Amino acid sequence: MFTNAIVRVPGKSLVNGLSDSKELGLPDYDKAIIQHHSYIEALQSCGLEVNILESCEDYPDSTFVEDVALITSNCAIITRPGAESRRGEVEQIMAVLKSQFNNLETIEAPGTIEAGDVMMVGNHYYIGLSDRTNLEGAEQLIELLVKHGHTGSTVELKDVLHLKTGLSYIENNMLIICGEFKSDPIFSGFNHIEIPESESYAANCIWVNDNVLIPAGYPLSKEKISSTGYNVIEVDVSEFKKLDGGLSCLSLRY
Ligand code: GLY
């Protein structure tokens with residue numbers, strides 16, 4: 001069960017965030033603020049206490065707070081984003097986490113990790129090797145995880161930005177899965193809820209205390225996840241999709 005979450009309010013500089021989805025247009029700041037507020041309410045409705053950090057205009061992508069830290073039951077690890085424009089975000093999150101966590105670790109150069117590439121399954125952490133997360137970073141992360149009583153292993157990515165762009169673990173040995181991961185033998189031991197390509201954005205969901213938050217507007221995915229018995233909560237995150245960000249990227253949950 002999770003008890004806490006950390007989010008960062010988007011800044012007006014959001015429109016300058018990294019994006020490979022330019023065909024969707026620029027995010028609307030006012031709409032993004034409303035959507036972010038609804039996202040916080042959804043987390044609160046699942047019983048989480050949400051620490052809401054002020055916006056940080058210097059870093060347009062800083063609302064995607066998940067990428068810059070990994071919080072486990074035994075430690076917190078500050079990452080080193082592969083995107084150079086995001087590197088400075090780590091100082092901001094370090095300032096927040098150092099007062100809360102005694103076991104605070106860091107990923108060092110030349111390693112890179114963005115925690116959108118890290119999926120927790122119980123005590124094990126799958127780490128996607130992507131354009132943002134390199135092998136050196138993954139090896140450092142596995143060493144730190146083992147030091148603190150966890151395990152980790154790597155997954156090669158082909159098409160997606162982050163591991164959790166196409167994959168979400170929703171407990172009970174169940175994966176929400178799309179695209180390149182459907183046939184990956186690494187995940188053959190799990191039960192799958194397969195997301196159709198036409199709704200691939202819905203593969204990024206989050207499990208929060210027996211609820212599954214999914215992006216609004218993906219009816220086939222909603223039906224599939226609901227029919228397996230989960231309480232599904234839809235949250236509209238269309239403005240964050242324009243920056244390749246999903247539901248998981250918008251919070252640290254622990
Ligand atoms: N815009 C989020 C990212 O690319 O990291």
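All ligand and atom numbering here is 1-based and tracks the order in the structure. The shown structure was predicted, so the numbers you read here are calculated from the model rather than taken from an experiment.
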So between Leu161, Leu243, Asp244, Asn16, whose heavy atom ends up nearest atom 1 (N) of ligand 1? Leu243
With respect to [X], determine whether any N or O atom, backbone or side chain, lies less than 3.5 Å from an N or O atom of ligand 1.
X	result
Gly17	no
Ser19	no
Arg86	yes

Can you sort out which atoms of ligand 1 are near Phe64, meaning under 4.0 Å from one of its heavy atoms?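 Checking each atom against Phe64, I get 1 (N), 2 (C).
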For Glu57, does its backbone N or O pair with a side-chain atom of Ser13 as donor and acceptor, under 3.5 Å?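 Answer holds: yes.
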Looking at the rings of Tyr254 and Phe101, which for Trp means the six-membered one, are their centres under 6.0 Å apart?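 Between Phe101 and Tyr254, which both carry aromatic rings, the centre distance is below 6.0 Å.
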Can you confirm whether or not the ring centre of Phe240 sits under 6.0 Å from the ring centre of Tyr39?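 Not close enough - the centres of the two rings lie 6.0 Å or further apart.
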Are Ser251 and Ile6 side-chain neighbours, meaning at least one heavy-atom pair lies under 4.5 Å?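 Answer no - side chains too far apart.
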For a 4.5 angstrom cut-off between non-hydrogen side-chain atoms, does Leu163 reach Val155? yes
Heavy-atom nearest neighbour in the protein, as seen from atom 4 (O) of ligand 1, with distance rounded to 0.1 Å: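 For atom 4 (O) of ligand 1, the nearest protein heavy atom comes out as Arg132 NH2, 2.8 Å.
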